[in-house]
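Note that these values count all heavy atoms, side chains included, but never hydrogens, waters or copies made by symmetry. Computed from a prediction, not measured in an experiment: that's the story for all the values here.
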Amino acid sequence: MVGLKPTEVLPTPVVKFVGAGTAACIADLFTFPLDTAKVRLQIQGEGASDTKVMRYKGVFGTIRTMVKMEGAASLYNGLVAGLQRQMSFASIRIGLYDSVKQFYCRHSESSGVACRLLAGCTTGALAVTLAQPTDVVKVRFQAHIKVIDGDRRYNGTVDAYKTIAKEEGLRGLWKGTITNITRNAIVNCAELVTYDLIKEEILNHRLMTDNMPCHFVAAFGAGFCATVVASPVDVVKTRYMNSPSGQYKNALNCAFTMVVKEGSVAFYKGFIPAFLRLGSWNIFMFVSYEQLKRAMMMAHSSWEAH
């Protein structure tokens with residue numbers, strides 16, 4: 001057995017809620033530079049001056065350029081907002097998934113794919129609606145190109161929330177919400193449902209036991225599926241949320257502008273870093289999540305015994 005053994009008592013909703021947010025934060029700490037590189041590649045070519053100032057080539061080339069021009073700390077621009085996002089966002093979309101799935105499937109003996117997809121869409125949409133401001137601030141920090149000792153776009157995370165609200169109104173903090181709901185409904189279904197199904201098949205066919213290797217394989221498959229289906233929406237979301245007020249009329253106008261100016265290939269800009277990030281993020285998150293649930297339930301059982 002690799003890792004903690006499954007507990008006899010199933011994890012409570014509170015354990016899943018807290019565990020999901022914590023596991024997502026752990027995953028972000030390890031993979032944030034890849035996410036920042038993905039954002040930079042996605043917005044490349046967005047403005048006329050962009051190609052003259054900075055040109056990124058591939059995920060690792062982007063990371064090297066950022067470290068050289070802006071310092072190593074630039075790879076973690078927006079980390080505070082990113083962790084705030086995960087504690088609120090992942091806790092809802094991942095932590096509540098099982099409870100919502102059980103609610104939708106309460107009239108059937110087993111959880112069908114339709115029930116799982118519906119549960120994924122529900123928790124994904126709910127999470128975005130509540131946590132969108134943290135995502136907007138995170139993307140703004142990651143997209144900002146700052147030379148070493150140069151001016152900052154915002155003086156910290158709190159200042160970013162205040163500045164966006166002041167300059168763009170409260171709507172600015174929820175900019176791109178519809179696009180993000182679409183994107184995260186897709187990602188949530190691809191991640192959670194795929195992970196659910198792969199893990200279930202592995203255990204049903206006794207290919208592996210319910211331990212880390214099983215979680216690793218299921219998480220890798222979930223990350224790949226999520227990247228393939230969500231990349232186009234993810235690129236539009238990033239472009240739109242990072243754009244100055246008035247550049248695009250709406251998310252659809254942003255997508256149309258991308259097709260006209262850059263072609264349909266623009267929708268898969270940053271695909272490799274997106275997969276490296278989402279694949280590795282899923283592995284860190286799901287493996288951590290499974291272990292955290294077991295550790296928290298063991299601690300709970302031990303506390304009750306005393």
Legend entry - Steps toward salt bridge (charged side-chain N to carboxylate O under 4.0 Å, His left out) verdict (Arg85, Asp28): CA-CA 10 Å; Arg85 173 181 179 269; Asp28 252 27; 5.6 Å; no
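- For the pair Ala131 and Phe89, the tightest heavy-atom approach, listed with the atom from each and the gap, is CB-CB, 4.0 Å.
- Of the options Lys38, Lys269, Arg239, a side chain to side chain donor-acceptor pair (under 3.5 Å) to Asp234 is made by Lys38 and by none of the others.
- A salt bridge links Arg140 with Glu168: the closest approach of a Lys/Arg side-chain nitrogen to an acidic carboxylate oxygen falls below 4.0 angstrom.
- Checked by atom type and distance alone, the side chain of Asn204 pairs as donor or acceptor with a backbone atom of Glu200 at under 3.5 Å.
- Classification of the Tyr248-Tyr240 ring pair by plane angle, with boundaries at 30° and 60°, yields tilted.
- No donor-acceptor distance shorter than 3.5 angstrom exists from the side chain of Glu290 to the backbone of Met212, with no hydrogens or angles considered.
- Relative orientation of the Phe30 and Phe284 rings is parallel, given thresholds of 30° and 60° on the angle between their planes.
- Side chain of Thr31 to main chain of Leu34: no donor-acceptor pair is present (N/O by atom type, distance under 3.5 Å, no hydrogens or angles).
- Here the straight-line distance linking atom OH of Tyr268 with atom OG1 of Thr227 works out to 10.0 Å at 0.5 Å rounding.
- No side-chain donor-acceptor contact under 3.5 Å links Lys16 to the backbone of Tyr97.
- Residues Asp210 and Leu203 approach most closely at N-CD2, 3.5 Å, considering heavy atoms.
- To the nearest 0.5 angstrom, Ile63 atom CD1 is 11.5 Å from Arg40 atom CZ.
- Remark: of the listed residues Glu191, Arg277, His215, Glu191 is the sole one forming a side chain to side chain donor-acceptor pair (under 3.5 Å) with Asn282.
- Ser91 contributes a side-chain N or O that, together with a main-chain N or O of Phe17, makes up a donor-acceptor pair within less than 3.5 Å.
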